[in-house]
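Below: the structure, in structure tokens.
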Number of protein chains: 2
Amino acid sequence: MPKILYAEDQERYRKLVKVFLETAKFDVITVEDGEKALEYLSHNNDVDLILLDIMMPNIDGKDVCKYLRKTSDIPIIMLTALADSSNEVDGLNLGADDYISKPFSRDTLIARINCVIRRCENKRSKNYHVNGFEFFKNKGVLRIEGKEISLTPKEILLLEFFLNNKDCVFSRNQILDSVWGFDYYGNPRTVDTHVKSLRSRLGEFGQRIKTARGRGYYYQS
Amino acid sequence: MPKILYAEDQERYRKLVKVFLETAKFDVITVEDGEKALEYLSHNNDVDLILLDIMMPNIDGKDVCKYLRKTSDIPIIMLTALADSSNEVDGLNLGADDYISKPFSRDTLIARINCVIRRCENKRSKNYHVNGFEFFKNKGVLRIEGKEISLTPKEILLLEFFLNNKDCVFSRNQILDSVWGFDYYGNPRTVDTHVKSLRSRLGEFGQRIKTARGRGYYYQS
DNA sequence: AGTTATTGTGAGAACTTTGTGATAGATTTC
DNA sequence: GAAATCTATCACAAAGTTCTCACAATAACT
């Protein structure tokens, strides 16, 4: 029975949603703010999904999400009142897996929870065994000839991008869009720097990241 | 000017988005449901991207997407209201290239459209299997007898030009117009130099690029 | 064969693009 | 809140590309 942690300050919602979810065969723990949610999680490692209201006293949903994402890729769904739906993009950029606006129906809620759980099963612990080395995406660690090398966050994203798009040339701007986000407007040459550091982390495999002069970079499989 | 087909039943959105996109130098055709979208596409082959609202009368966005994907890889972006219980993953599993939830900002929309268009250009770029060799256009690489030879940007363009126009003689100026661009005013003999280097890259296949004395060059298939 | 027009070719200057180390500012960690 | 780490940008070095020119080679024509 999947276990869901639900953080919500309004008692009415807490009770209602708990019933909704229990009828759908979920195990539900409710807490009334973000602080309590984090406290619960620090002692318990068996939660399958977190439902986070955005507006809460003490620590709000956004901060909980941001904080959790530093160390975990546990599925998170954010809940918000329609009035602050302008925050949607923010919420997703925080790393939430889905976003539901209040009020929602029982069926919507359950369908989306199931969907996120299914999706995250695949996403979690996605590791790469490439020709000569291993890349543990979640840990952000490379294993090359038995040695473990840890990568910085940007290096992780960039390597993942290359490995998901092998043999395909991408311009610096395309890479910025995909890795940094489409709303990032920085110097395209920043990509060069990160390619450089990634190459050096990869050691002899650094050569796999090819330069397509005048057009961009690609990973050669 | 890229052409976008926008299917949306709500008139308010139709008008607003049309204006958004036109200010960003897109050519926009709006239709009010999925059926009309398919009808339009059956007569027109010049659409660069399709924006599909999910909820529409007659044929909805999901079905349009599913139907189009059987025969085409034209870029598709799905739009949905947050309240829709239908969700992101379903949309993407249908084969859509991106997914934007309403309400969205003008900048978000345009950034993501540009991103999808660029990404798809890359995906759709073709490779060439010519009689004796292979040309991977996106990587700018030739494979001849198992050896990979990389080309310079101009060589890539020139070879692509020849392969797209086999057995057809072009003067130096026509080649300059097509490969270098209409606004390039340089010495036509520059073409000779590039033909020379392309021939040498092609090795034994260099002979396929023929000189039509007094008239120009052509690729013999 | 001699003359002329056209193309092939090698060298190199001018230019463009990429690699790299330093550095300052952000961010995270302790 | 200090220290460590990470990120973005810059400036300059290094590498690669493009274009032009001069001359050699070739073809066409008389």
Side-chain angles (χ1 to χ4, degrees), chain A residues 38 42 62-63 65-72 93-95 139-142 149-159 161 169-177 179-181 183-203 206-218, chain B residues 139-142 149-159 161 169-177 179-181 183-203 206-219:
Chain A
L38 290 177
S42 67
K62 284 185 180 181
D63 290 333
C65 182
K66 225 189 297 184
Y67 180 80
L68 288 173
R69 273 290 173 269
K70 285 180 192 166
T71 55
S72 156
N93 280 350
L94 291 173
K139 288 199 283 175
V141 165
L142 283 174
I149 299 154
S150 60
L151 303 182
T152 70
K154 273 270 147 37
E155 288 165 355
I156 295 167
L157 291 175
L158 186 57
L159 180 56
F161 173 78
V169 175
F170 289 88
S171 70
R172 290 175 177 71
N173 279 317
Q174 287 175 306
I175 293 173
L176 284 181
D177 281 349
V179 176
W180 274 253
D183 51 352
Y184 178 85
Y185 300 99
N187 186 339
R189 296 287 321 270
T190 295
V191 174
D192 296 34
T193 304
H194 287 272
V195 165
K196 186 194 108 187
S197 60
L198 189 52
R199 277 174 172 159
S200 103
R201 299 262 198 220
L202 283 166
Q207 304 167 23
R208 291 271 179 78
I209 300 173
K210 300 282 185 185
T211 303
R213 214 152 220 279
R215 285 165 310 129
Y217 295 98
Y218 66 99
Chain B
K139 287 204 277 178
V141 165
L142 283 174
I149 300 154
S150 60
L151 303 182
T152 70
K154 273 271 146 42
E155 289 165 354
I156 295 165
L157 290 174
L158 186 57
L159 180 56
F161 173 78
V169 175
F170 288 88
S171 71
R172 290 175 177 72
N173 279 316
Q174 286 174 310
I175 294 173
L176 282 180
D177 281 350
V179 176
W180 274 253
D183 49 351
Y184 178 83
Y185 300 100
N187 186 339
R189 296 289 320 272
T190 295
V191 174
D192 296 34
T193 303
H194 286 273
V195 165
K196 187 196 107 188
S197 61
L198 188 52
R199 278 173 171 159
S200 105
R201 298 263 198 218
L202 284 166
Q207 305 166 24
R208 293 270 180 80
I209 300 173
K210 300 284 186 186
T211 304
R213 207 155 225 275
R215 290 171 300 139
Y217 295 98
Y218 66 101
Y219 181 92

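So that the names make sense, note that chain A is the first sequence line, chain B the second, and so on, each numbered from 1.
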Between the protein and nucleotides 20-23 of chain C, which nitrogen or oxygen pairs come in under 3.5 angstrom?
unit_1, atom_1, unit_2, atom_2, d
C/dG21, N7, A/K196, NZ, 3.1

All N/O pairs under 3.5 Å across the protein-nucleotides 12-15 of chain C interface:
none

In the structure I gave you, are the side-chain heavy atoms of [X] and [Y] within less than 4.5 Å of one another anywhere?
X: A/L157; Y: A/W180; answer: no
X: A/L151; Y: A/R201; answer: yes
X: B/V195; Y: B/T211; answer: no
X: B/E155; Y: B/L202; answer: no
X: A/Y217; Y: A/V169; answer: no
X: B/F161; Y: B/I175; answer: yes
X: A/I209; Y: A/Y218; answer: no

Length of the [atom1]-[atom2] vector between [X] and [N], whole Å:
X: B/L198; N: C/dT9; atom1: CG; atom2: P; result: 13 Å
X: A/R215; N: C/dT16; atom1: CZ; atom2: C1'; result: 15 Å
X: B/I175; N: D/dC19; atom1: CD1; atom2: P; result: 14 Å
X: B/Y218; N: C/dT7; atom1: OH; atom2: P; result: 13 Å

- Distance-only donor-acceptor test, A/R213 side-chain atoms vs C/dT18 base atoms, 3.5 Å: no

- Message: Is the phosphate of C/dG19 approached by A/T211 (side-chain N or O, under 4.0 Å from OP1 or OP2)?
- Response: yes

- Message: When you measure from the side-chain N and O atoms of A/Y217 to the phosphate of C/dG19, is any distance below 4.0 Å, counting only OP1 and OP2?
- Response: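 Answer is yes, contact under 4.0 Å.
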
- Query: Once you round to the nearest 0.5 Å, how far does CG of B/L176 lie from NE2 of B/H194?
  - Reply: 9.5 Å

- Reported CG-to-OG1 distance for the pair A/L198 and A/T152, which is rounded to 0.5 angstrom: 8.5 Å

Under 3.5 Å, which N/O atoms of the protein pair with N/O atoms of nucleotides 3-7 of chain D?
unit_1, atom_1, unit_2, atom_2, d
D/dT7, OP1, A/K154, N, 3.1
D/dT7, OP2, A/T152, OG1, 2.6

- Note on the structure: Of B/G214 and A/G214, the one whose nearest nucleotide on DNA chain C sits closer to the 5' end is B/G214

- Closest approach of B/P188 to B/R172 (non-hydrogen atoms, all atoms of both residues):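 Result for this residue pair: O-CD, 3.5 Å.
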
- What nucleotide among D/dC21, C/dG19, D/dT9 has an atom nearest to a side-chain atom of A/N187?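 Side chain of A/N187 sits closest to D/dT9.
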
- Item | Main-chain N/O of B/K139 paired with A/R215 side-chain donor or acceptor, under 3.5 Å | yes

